[in-house]
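One structure below.
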Amino acid sequence: MQLHFQFCIFARYYSKSHVDNNKLKIGLFNESFPPIQDGVAQVVENYAKLLSERGHDVTVATAKVPFFDYPVTYHVKNIASVPLIFRLPYRVGLPVWMAPFQPILNFKAEIYHLHSPFTSGRIALKLGKKFNAPVVATFHSKYRDDFLRSVKSDRVADLMVKRIVGVFEEADEVWVPQEGVKEVLRSYGYRGPIEVVSNAIDYDLSNFDLPMLRKQARQMLDVDGDTPCFLFVGQIIKEKRVDFILDALTTLHERGYRFKMFYVGTGYWVEELKLKIRLRHLRDCVIYKGQISDRSALQLYYAAADLFLFPSLYDTFGLVIREAAVHRTPSLMMRQALCAKGIKEDVSGFLVDETSPEAFALKIIEIMDNKTLYNSVCDHAEEDLGLTWKKLMPEVEDRYRSLIKRKQSK
């Protein structure tokens with residue numbers, strides 16, 4: 001009896017210290033992952049990279065792109081999938097019930113973190129139950145907007161939303177990237193607890209000479225020293241209001257305002273964008289660069305730009321806003337946009353009321369004409385929005401360990 005008691009005390013102590021100090025086996029689940037570039041894919045990539053650098057055994061479960069050479073610092077396991085025809089290059093996982101085609105269903109980890117409420121997320125929940133491991137679910141996107149664009153029916157979109165809310169209700173903990181995103185998830189019908197765990201950026205420019213980087217970048221991109229340069233980075237889709245930006249740029253051009261604009265990204269609206277640039281005679285000042293996967297190459301565009309144009313009402317948290325900010329490139333956003341909630345007006349960024357492309361264009365001119373305010377905002381944007389993944393990962397790791405201990409204690 002005494003020996004049994006001592007063994008139980010030792011086992012409990014060992015289990016606690018083991019969780020506190022051991023290398024964790026972590027599974028990150030999302031449909032998209034590089035070479036597909038979007039905000040959520042980038043979040044998952046940085047989790048994988050930084051957590052593996054901290055000594056953990058990290059596996060990304062995703063719909064792998066055929067023939068792409070994935071990195072070796074962490075594992076990438078395949079979720080059996082098919083191309084999403086209307087949203088190439090995206091892929092969609094086969095349903096969970098098609099188990100013979102989903103060998104990922106045998107993957108054992110100590111904690112599963114789902115970043116998508118679709119096939120990958122449902123697989124994470126299934127594995128959590130199978131191996132009695134905690135599941136974290138991060139809510140990233142306004143999914144209803146995506147559904148409505150695809151199905152053109154409020155009722156069907158609501159049914160689809162109800163289904164994904166079920167995924168979050170089954171998770172052990174739900175995270176959102178900023179306080180304002182809670183409102184979206186609540187509006188979808190989720191009533192459980194929500195934790196705010198910010199996203200971050202992978203650019204650390206503390207040792208960079210930014211004025212020199214800017215000068216070199218503008219030379220390389222053929223931007224004259226005094227020509228205002230604008231930038232958009234992201235999916236070239238109407239939900240991001242890339243057409244609204246082009247309308248505003250057309251107004252600037254018609255007023256004789258000299259500028260250069262770069263669109264960086266890919267999406268279903270690319271051909272329409274290129275056509276409109278040509279038809280509006282904007283090819284000398286509006287340039288579509290396609291998707292840039294090389295982070296160092298992308299950095300040139302952030303550094304060269306004077307203003308990041310982001311009128312999106314779709315995004316919940318704009319990593320690109322923060323990436324631009326650390327290069328001293330502030331953003332112009334819509335005041336009521338969810339992704340603008342962390343911006344202090346005329347301090348860390350610029351805001352404009354939801355009116356028209358013409359008003360957006362006039363705001364651009366106003367900003368660029370007020371050099372004193374503009375330079376002040378550049379300084380504060382760099383200071384206020386520069387949280388790096390390296391600084392964030394200890395918090396994520398602590399949260400993972402706490403969840404594992406809670407699960408073990410049940």
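All residue numbers refer to positions in the sequence shown, counting from 1. Remember, predicted model here, so these are calculated numbers, not experimental data.
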Quick one: do the [X] and [Y] side chains pair a donor with an acceptor below 3.5 Å?
X: H113; Y: T138; value: yes
X: Y203; Y: E323; value: no
X: D38; Y: S32; value: yes
X: E173; Y: Y400; value: no

>> For N199, run the side-chain contact (heavy atoms from CB on, under 4.5 Å) check against R322, H140, Q178 and tell me which one passes.
In response: H140
>> So, taking the atom named OG in S312 and the one named CZ in F232, what distance separates them when rounded to the nearest 0.5 Å?
In response: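 S312 atom OG to F232 atom CZ measures 7.5 Å (nearest 0.5 Å).
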>> Using 0.5 Å steps for rounding, measure from the CG atom of L273 to the CD1 atom of I237.
In response: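 Interatomic distance, L273 CG to I237 CD1, rounded to 0.5 Å: 13.0 Å.
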Do any side-chain atoms of residues 156-168 form donor-acceptor pairs under 3.5 angstrom with protein atoms, and if so which ones, sequence neighbours left out?
unit_1 : atom_1 : unit_2 : atom_2 : d
D158   : OD1    : R144   : NE     : 2.8
D158   : OD1    : R144   : NH2    : 3.0

> Can you name the side-chain hydrogen bond (donor to acceptor under 3.5 Å, both in side chains) partners of R280, sequence neighbours left out?
Replying inline: D247, T250
> Which residues satisfy the ring pair (Phe, Tyr, Trp, His ring centres under 6.0 Å) test with F308, sequence neighbours excluded?
Replying inline: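 F310.
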> Any chance NZ of K64 has more than 12 other-residue heavy atoms, nucleotides or ligands included, within less than 6.0 Å?
Replying inline: yes
> Any chance NZ of K363 has more than 12 other-residue heavy atoms, nucleotides or ligands included, within less than 6.0 Å?
Replying inline: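 Count over threshold, so yes.
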> Taking only residues at least two apart or on different chains, which pairs with a member in residues 360-383 satisfy ring pair (Phe, Tyr, Trp, His ring centres under 6.0 Å)?
Replying inline: F244-F360
> Looking only at atom types and distance, does a side-chain atom of T227 sit under 3.5 Å from a main-chain N or O of V223, one as donor and one as acceptor?
Replying inline: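 Pair absent, no side-chain N/O of T227 close to backbone of V223.
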>> Before we go on, tell me: are the rings of Y188 and F139 under 6.0 Å apart, centre to centre?
In response: yes
>> Tell me every residue that passes salt bridge (charged side-chain N to carboxylate O under 4.0 Å, His left out) with D353, counting only those two or more places apart in sequence or in another chain.
In response: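 If we apply the salt bridge (charged side-chain N to carboxylate O under 4.0 Å, His left out) test to D353, skipping adjacent residues, the hits are R335.
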> Of all residues at least two apart in sequence or in a different chain, which pass the salt bridge (charged side-chain N to carboxylate O under 4.0 Å, His left out) check with D224?
Replying inline: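 Partners of D224 under the salt bridge (charged side-chain N to carboxylate O under 4.0 Å, His left out) test: R258.
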> Are Y74 and E45 close enough that some pair of their side-chain heavy atoms sits under 4.5 Å apart?
Replying inline: yes
> In terms of ring plane angle, is the pair Y302 and H327 parallel, tilted or perpendicular, where the classes change at 30° and 60°?
Replying inline: parallel
